[in-house]
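This report concerns only the one structure given below.
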There are 2 protein chains.
Amino acid sequence: MNPNPVIDMPTRKSEKVVSLKDIKVACGECTLNEICLPVGVDATDLGKLDSIIDRKRPLARGDHLFRNGDAFRSLYAVRSGSLKTYATSPDGQEQVMGFLLPGELVGLDAIADSYHPLSARALETTSVCEIPFSDLESLSAQLPTLQHQLLRIMSQEIRDDEHNMVVLGQKSAEERLAAFLIGLSNRFQRRGFSPNQFNLSMSRGDIGNYLGLALETVSRLFTRFQNENLLRVDRKHIELLDRQRLYTYSGSQCSEQKDPQESSGR
Amino acid sequence: MNPNPVIDMPTRKSEKVVSLKDIKVACGECTLNEICLPVGVDATDLGKLDSIIDRKRPLARGDHLFRNGDAFRSLYAVRSGSLKTYATSPDGQEQVMGFLLPGELVGLDAIADSYHPLSARALETTSVCEIPFSDLESLSAQLPTLQHQLLRIMSQEIRDDEHNMVVLGQKSAEERLAAFLIGLSNRFQRRGFSPNQFNLSMSRGDIGNYLGLALETVSRLFTRFQNENLLRVDRKHIELLDRQRLYTYSGSQCSEQKDPQESSGR
DNA sequence: TTGGTACATTGATGCAGATCAAATCTGCAT
DNA sequence: ATGCAGATTTGATCTGCATCAATGTACCAA
């Protein structure tokens, strides 16, 4: 669609607030290349991956990246900002399926039947990389590390969804919210942001919907957690004061990905 | 591990009760090759896939195929019988994550970190094909259709898990059980069995656990559905009397896979 | 047969969290 | 500033389903 303009920028690894100015950077220069699709792909091959990727102009808050039913052509990697994905029931009811942070891939559920079963919408100003799927498929047949990374990411998505089933299937409201916050905290940390202080880009309603709770319940729990000095809430801003205790509240078993990269058999 | 004995057998396409006598058949001769990993792979290449697959001797009811924490080496395709997968919480609590029918792949969630996050256990006498993952990876780099099918299957798994999140997140007990039965019915049909009459290989407790309900609730709902002439239950045997109405009860949106093979863009 | 064990059904009761309702608060557009 | 729409908080009430409890039933081994 667009041409593929690439502007070099110095990498930033520091912990700081999301700045959305850096729009176009090659994978090789992207801060996210250690947690995104390029993981493990070497410098030479990175160029090939880079050449099939299209960096689109940012989405405004509320814009749709794609909608339920749209034809599937590409995966998208979030570069900055955040998205939510959601299903719409026949009666118009919305079910939030997930929140996407920078470095995460959207649209994996659309490969099977070549259309998007969910809609994806920006929660704030958000930029994404478009990755045409047919190109990705042929490229990954040539690059074993890329193929492996793609399978890894899909596997991880399955694992995370299973984790969500546990949360929805047998956790109390309190445990659900605690698990949610711990999970978010881990994901922020992984991306070089503070694990103890962050902004929620989604509403209470979205959180409740995602966790299978009424938004009133979410609100009440936030105030309860605050009264118990677990955290401080100010509107969208969250500061975790006692991550350990919050983790305990979550009924444990929600490290999400305790061992991000390091793994290998046995 | 084992050698790889292959015995030719005539294919059977008829609707009939699961017979577990046929233990070893090449993919090319397997009734399941239209719904299993080989989908789309042509006769020549099928031999290559076949050669990496190891058909193991059947598991007895209650046997584990693998346990939570085991090293990941292989995926498994169910050939006959059925499995359940489940997570175990620190406190020993069990959460059933899914039930596997013939032609379905187990272990996809283990690719990411090279160990199994779940345990898998046979619900009845069950035989599986073992597919060493490293072999599968190299083979699929050579066979585009195989690579594509693997991605499709993983994508479908993600889609199905998302469907489960909707069920657990916002459906009533009645809707959950109805959705569960419709889903099972569809899967049996796809495999050439009657969609209106089947045996549940799992207990009420497993169903309840899977659906986030108490087993008593499941039991009560079965009797209620029976009183409303939606179905007939006799112990493990289920006969659906009004699939349409049951579908309505499920709060719709649970066809699971309306369009099994046919797809392609637009 | 008998006994035992695991599974299933059915009834009675209680509670976590939904729902309803209303009062703020926030951010944005004019 | 002013006003409005949507988001959030907080309170009061209601209910679906869990939990507790007891009985019934199938299956298996001796």
Side-chain angles (χ1 to χ4, degrees), chain A residues 60-62 84 91 93-96 121 123-125 166-181 199-228 231-238 249-251, chain B residues 60-62 84 91 93-96 121-125 167-181 199-228 231-238 249-251:
Chain A
R61 173 193 159 93
K84 73 168 174 183
D91 60 6
Q93 205 40 48
E94 192 174 285
Q95 162 75 38
V96 175
R121 167 202 285 250
L123 290 168
E124 58 192 310
T125 307
V166 179
V167 170
L168 292 175
Q170 56 182 216
K171 301 290 186 185
S172 68
E174 171 180 286
E175 291 169 325
R176 291 183 204 189
L177 186 62
F180 174 71
L181 291 172
N199 288 302
L200 301 173
S201 55
M202 69 295 286
S203 69
R204 302 288 192 269
D206 283 339
I207 297 174
N209 187 309
Y210 175 67
L211 295 176
L213 301 172
L215 66 89
E216 293 93 330
T217 304
V218 174
S219 180
R220 276 184 249 270
L221 285 170
F222 269 130
T223 47
R224 177 136 68 88
F225 283 170
Q226 183 161 243
N227 292 337
E228 298 180 23
L231 47 77
R232 216 167 321 183
V233 203
D234 176 28
R235 187 102 178 125
K236 300 288 193 188
H237 188 79
I238 302 287
Y249 269 54
S250 77
Chain B
R61 173 193 160 95
K84 73 169 174 182
D91 60 5
Q93 205 41 46
E94 192 173 287
Q95 161 76 36
V96 176
R121 169 204 285 250
L123 290 168
E124 58 193 310
T125 306
V167 171
L168 291 175
Q170 55 181 217
K171 301 289 187 188
S172 68
E174 173 181 284
E175 291 170 324
R176 293 183 202 190
L177 187 61
F180 174 70
L181 291 172
N199 288 304
L200 301 173
S201 55
M202 70 295 285
S203 69
R204 303 288 191 269
D206 283 339
I207 297 173
N209 186 311
Y210 175 68
L211 295 175
L213 301 172
L215 67 90
E216 293 94 328
T217 304
V218 174
S219 181
R220 276 183 249 271
L221 284 170
F222 270 129
T223 46
R224 177 136 69 88
F225 284 168
Q226 183 160 243
N227 292 337
E228 297 180 24
L231 47 77
R232 216 167 321 181
V233 203
D234 176 28
R235 187 100 179 127
K236 299 288 192 187
H237 188 79
I238 302 287
Y249 269 54
S250 77

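The structure displayed is predicted, hence computed values, not measured ones. Values below: every heavy atom of this structure, side chains too, minus hydrogens, waters and symmetry copies. Chain identifiers are assigned alphabetically (A, B, ...) following the order of the sequence lines, protein sequences preceding nucleic acid strands; residue numbering begins at 1 within each chain.
dT9(C) atom P lies 12 Å from atom CG of Asn227(B), rounded to whole Å. In this entry the distance linking CD1 of Ile207(A) with C1' of dT8(D) reads 12 Å, nearest Å. Counting to the nearest Å, the P atom of dC17(D) and the CD atom of Gln170(B) are 14 Å from each other. Nucleotide dT10(D) holds its P atom 13 Å from the CZ atom of Phe222(A), rounded to whole Å. Following rounding to the nearest Å, Asn209(B) (CG) and dC7(C) (P) show an atom-to-atom distance of 13 Å.
In this structure Thr223(B) satisfies the side-chain contact (heavy atoms from CB on, under 4.5 Å) test with no other residue, sequence neighbours excluded. Contacts of Ser201(A) classified as side-chain hydrogen bond (donor to acceptor under 3.5 Å, both in side chains), with partners at least two apart in sequence or in another chain: Ser82(A). For Gln95(B), the side-chain contact (heavy atoms from CB on, under 4.5 Å) test picks out Val166(A), Gln170(A), Met97(B), Asn209(B), with sequence neighbours left out. Judged as a side-chain hydrogen bond (donor to acceptor under 3.5 Å, both in side chains), and not counting sequence neighbours, the contacts of Glu174(B) are Arg224(B). Legend: residues meeting salt bridge (charged side-chain N to carboxylate O under 4.0 Å, His left out) with Arg235(B), ordered by chain and number and at least two apart, are absent. Taking Tyr249(A) as the reference, Phe225(A) meet the ring-ring contact (aromatic ring centres under 6.0 Å, His included) condition, with sequence neighbours excluded. Residues meeting the side-chain contact (heavy atoms from CB on, under 4.5 Å) test with Leu200(A), sequence neighbours left out: Leu184(A), Phe198(A), Met202(A), Arg204(A), Ile207(A), Phe222(A), Ile238(A). With sequence neighbours excluded, no residue satisfies salt bridge (charged side-chain N to carboxylate O under 4.0 Å, His left out) with Arg61(A).
Helix-axis bend for the helix from dT1(C)-dA30(D) to dT30(C)-dA1(D): the local axis fitted to the five terminal pairs at one end deviates from that at the other end by 50°, rounded to 10°.
For Thr223(A) and dT10(D), the shortest distance from a side-chain N or O to OP1 or OP2 is below 4.0 Å. OP1 or OP2 of dA8(C) has at least one side-chain nitrogen or oxygen of Lys236(B) nearer than 4.0 Å.
Across all non-hydrogen atoms, the minimal contact from Ala179(A) to Ser250(A) is N-CB, 3.5 Å.
Sorted by first and then second residue, the salt bridge (Lys or Arg N to Asp or Glu O under 4.0 Å) pairs involving residues 206-221 of chain A (not counting sequence neighbours) are Lys84(A)-Asp206(A).
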Scan nucleotides 15-19 of chain C against the protein and return all N/O pairs shorter than 3.5 Å with their distances rounded to 0.1 Å.
from: dG17(C); atom 1: OP1; to: Ala173(A); atom 2: N; distance (Å): 2.7
from: dA18(C); atom 1: OP1; to: Gly212(A); atom 2: O; distance (Å): 3.4
from: dA18(C); atom 1: OP1; to: Ala214(A); atom 2: N; distance (Å): 3.3
from: dA18(C); atom 1: OP2; to: Ala214(A); atom 2: N; distance (Å): 3.2
from: dA18(C); atom 1: OP2; to: Thr217(A); atom 2: OG1; distance (Å): 2.3
from: dT19(C); atom 1: O4; to: Arg220(A); atom 2: NH2; distance (Å): 3.1

Can you give me the N/O atom pairs linking the protein to nucleotides 27-30 of chain C at distances under 3.5 Å, or say none if there are none?
none

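Annotation: side chain of Asn199(B) is not in contact with side chain of Glu124(B) (no heavy-atom distance under 4.5 Å).
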